[in-house]
Amino acid sequence: MKFVDLVRIMVRAGRGGNGCISFRREKFVPKGGPDGANGGNGGNIILKAVEGIHTLADFEFEKKFRAEHGEPGQGQKKVGKTGKDLIILVPCGTIVYDENTGEPLADLVEPGDQVVAAKGGKGGRGNMHFATSMRRVPRFSEKGDEGEERNLRLELKLIADVGLVGLPNAGKSSLLAAISNARPKIAGYPFTTLSPNLGILAVDDDRIVVADVPGLIEGAHENKGLGIYFLRHIERTRVLIHVLDLSVGTPEDVLYQWEVICSEFKAYKESLLERPYMVVGNKIDIERGRENAPAIESFMKARNIPYYNTSAITGEGIAEFMGNIVALCREHTRPHSEIRLFETLEHPEERTATSRRRFEKARVVKLEDDAGFRVIHEGLEKILKRYDFEQDDALYHFARLLKKYRIEELLEKEGAKEGDTVVIGEIEFEYQPEQVQE
């Protein structure tokens with residue numbers, strides 16, 4: 001399967017169902033009163049991390065997702081059916097961003113982690129909710145809210161225990177094949193590996209996930225070569241293995257490979273240098289590699305850096321190398337608190353935002369070229385979207401809202417005159433001040 005680790009998708013939650021205008025009509029029950037019920041809430045869009053998926057390739061062909069709308073309310077106090085949530089399955093390690101704002105929404109690490117990426121619209125209230133002692137026959141109901149719509153960016157950062165890092169053609173894929181069940185593409189030219197390969201190293205009861213990540217070059221942190229495409233996949237690994245090609249040039253040439261890797265780590269994210277690691281010299285089956293090995297081993301041991309010589313082709317040193325990988329992983333267990341890059345944002349915060357909108361004061365601004373006035377109040381604008389002005393009582397409820405938020409006082413203070421155009425959200429009307437009786 002093609003490996004894809006960065007996609008952009010559009011999600012749209014379901015619209016809330018409209019409230020119902022209905023009156024009880026039964027034999028021997030005169031003037032039964034209003035019984036129109038609420039519409040159902042729209043379905044949410046939920047992203048959920050699951051095991052068994054290792055790529056975002058499915059999203060290359062399907063990029064738009066919509067949840068089910070809520071059904072309208074009915075008479076006899078029958079509430080509309082809630083729209084079904086749409087659950088989108090993604091690999092563990094997927095980070096969800098709002099593409100428009102760049103805000104991170106969730107880091108889905110463990111199987112079962114999920115986030116509501118777009119919340120369904122609230123169903124409108126039926127006319128049974130608007131009956132009062134003064135207005136016993138309300139001919140008014142609310143429309144359902146629109147569901148949230150978002151453009152999302154999904155980034156996959158692999159969750160592996162061990163990351164094999166090194167310059168192109170260092171032999172990482174060959175080592176992965178030698179120590180695990182993976183069968184990556186192997187060839188004698190640079191950049192054979194264009195996407196991460198995963199393998200399982202099974203020793204006793206240990207099952208260690210090893211990632212062979214595409215080779216980087218000098219300047220990768222500036223997105224040269226495979227660039228950040230490589231670097232982001234090592235952020236979650238708990239142990240790193242630097243793979244050096246012993247068969248290139250002199251010992252200084254071999255050490256230069258290690259220096260490049262360390263400098264790229266430092267430039268991209270310095271904390272990577274603090275990650276537990278070991279160094280393995282590969283290709284001692286080649287004469288030049290065997291000649292360079294003693295000098296490299298001496299250099300590493302002088303600095304207390306764990307070092308091993310191997311040949312992925314002949315298998316020399318592989319058994320010892322595997323044992324030391326297991327030992328290093330046992331020594332550095334994966335703490336769950338450190339692999340989540342940030343906490344998932346929760347939608348309950350919306351309740352607080354709704355409370356803030358309720359107590360927010362309305363503002364009136366004068367439009368250019370004497371085009372009228374605009375009233376700004378997020379909560380009021382949201383309420384008016386639910387109004388259907390073709391209904392008999394809509395204007396009555398609209399007038400009550402203007403009085404509640406003291407809109408007429410604000411317009412008068414800004415110098416509004418009778419007949420001036422006033423805009424609130426998508427609603428436009430002529431200003432008609434109440435006549436004060438003497």
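Because the structure is predicted, anything quoted here is derived from the model rather than measured. Quick note: residue numbers are just sequence positions, from 1.
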Between Gly415 and Asp420, the two heavy atoms sitting closest are O-OD2, 4.4 Å

Can you check whether Phe389 and Phe398 have ring centres sitting under 6.0 Å from each other?
yes

Shortest non-hydrogen separation from Pro251 to Asn292 and the atoms involved
CD-OD1, 3.3 Å

Taking the side chain as everything from C-beta on, heavy atoms only, tell me whether Tyr405 gets closer than 4.5 Å to Ile383.
yes

For residues 247-260, which residue pairs qualify under salt bridge (charged side-chain N to carboxylate O under 4.0 Å, His left out), counting only residues two or more places apart or in two chains?
none

May I have the step-by-step check of side-chain contact (heavy atoms from CB on, under 4.5 Å) for Tyr97 and Glu155, ending in yes or no?
CA-CA 8 Å; Tyr97 294 93; Glu155 287 188 12; 4.0 Å; yes

Heavy-atom distance under 4.5 Å between the side chains of Ile45 and Val116, does that happen here?
no

Has the side chain of Asn44 got a donor or acceptor atom that lies under 3.5 Å from a matching backbone atom of Asp85?
no

Which residue in the set Leu328, Val162, Ile305, Val239 passes side-chain contact (heavy atoms from CB on, under 4.5 Å) when paired with Met278?
Leu328

pair Leu246-Ile296: side-chain heavy atoms closer than 4.5 Å
yes

Less than 4.0 angstrom from a charged side-chain N to a carboxylate O is my criterion; do Glu297 and Lys301 meet it?
yes

Specify the closest pair of heavy atoms between Ala13 and Ala118, including all atoms of both residues, with the distance to one decimal.
CB-O, 3.6 Å

Is there a side-chain contact between Ile88 and Val11 (heavy atoms, below 4.5 Å)?
yes

Passing option when Ile261 is tested against Val279, Leu272, Leu273, Val165 for side-chain contact (heavy atoms from CB on, under 4.5 Å)
Val165

Greater than 12 external heavy atoms within 6.0 Å of Glu291's CD
yes

Within the side chain of Arg374, is there an N or O that forms a donor-acceptor pair under 3.5 Å with the backbone of Val364?
no

Roughly how far apart are Lys143 NZ and Glu146 CD, rounded to 0.5 Å?
8.5 Å

For a quick test of reading the model, state the closest non-hydrogen atom pair linking Met128 to Gly36 and the distance between them.
CG-O, 2.8 Å

Would a 4.5 Å heavy-atom cut-off, applied to side chains only, mark Leu154 and Leu6 as touching?
no

Polar side-chain atom of Arg15 near backbone of Gly144 as donor-acceptor pair, under 3.5 Å
no

Side-chain donor or acceptor of Asp113 paired with backbone N/O of Val109 under 3.5 Å:
yes

Could you check if a side-chain atom of Leu380 sits within less than 4.5 angstrom of a side-chain atom of Leu401, using non-hydrogen atoms only?
yes

Give me the atom names and distance for the closest heavy-atom approach of Ser311 to Ile318.
O-CG1, 3.8 Å

Gln114 side chain to Ile46 main-chain N or O, any donor-acceptor pair under 3.5 Å?
no

Nearest heavy-atom pair of Leu175 and Phe321: which atoms, and what distance?
CD2-CE2, 4.3 Å

CA sep, side-chain torsions, deciding dist, call: Glu142, Arg125, salt bridge (Lys or Arg N to Asp or Glu O under 4.0 Å)
CA-CA 5 Å; Glu142 292 178 332; Arg125 290 180 293 177; 3.0 Å; yes

Going from CZ on Arg12 to NE2 on His69, what distance comes out if it is rounded to the nearest 0.5 angstrom?
7.0 Å

In the structure I gave you, are the side-chain heavy atoms of Val50 and Pro111 within less than 4.5 Å of one another anywhere?
no

Kindly say whether Glu390 contributes a backbone atom to a donor-acceptor pair with the side chain of Asp388 at under 3.5 angstrom?
yes

Lys122 backbone acceptor or donor facing Asn41 side chain under 3.5 Å
no

Are Leu56 and Thr94 packed together at the side-chain level, in the sense that at least one heavy-atom pair is separated by less than 4.5 angstrom?
yes

Might you work through the salt bridge (Lys or Arg N to Asp or Glu O under 4.0 Å) test for Asp145 and Arg386, ending with a clear yes or no?
CA-CA 7 Å; Asp145 291 338; Arg386 299 173 183 160; 2.9 Å; yes

Give the C-alpha distance, both sets of side-chain angles, the deciding distance and a yes or no for side-chain contact (heavy atoms from CB on, under 4.5 Å) between His397 and Tyr387.
CA-CA 9 Å; His397 286 274; Tyr387 282 21; 3.9 Å; yes

Lys/Arg-Asp/Glu bridge criterion (N-O < 4.0 Å) met for Glu99, Arg153
yes

Could you walk me through whether Arg275 and Thr237 pass the side-chain contact (heavy atoms from CB on, under 4.5 Å) test, one step at a time?
CA-CA 9 Å; Arg275 200 73 52 91; Thr237 55; 3.6 Å; yes

Can you tell which of Ile9, Asp98, Asn100 makes a side-chain contact (heavy atoms from CB on, under 4.5 Å) with Arg150?
Asp98

Distance check, rounded to the nearest 0.5 Å: Asn127 atom CG versus Ser141 atom OG?
6.5 Å

More than 12 non-hydrogen atoms from neighbouring residues, nucleotides or ligands closer than 6.0 Å to NZ on Lys266, yes or no?
no

Run the side-chain contact (heavy atoms from CB on, under 4.5 Å) check on Met322 and Val210 step by step: do they pass?
CA-CA 11 Å; Met322 291 170 60; Val210 183; over 6 Å; no

Any side-chain donor paired with an acceptor under 3.5 Å for Glu316 and Thr310?
no

To the nearest 0.5 Å, what is the distance between CD on Glu409 and CG on Leu402?
12.0 Å

Going from CG on Asn282 to OG on Ser247, what distance comes out if it is rounded to the nearest 0.5 angstrom?
8.5 Å

Does the ring centre of Tyr431 sit less than 6.0 Å away from the ring centre of Phe373?
no

How far does CG of Leu47 sit from CD1 of Ile95, to the nearest 0.5 angstrom?
13.0 Å

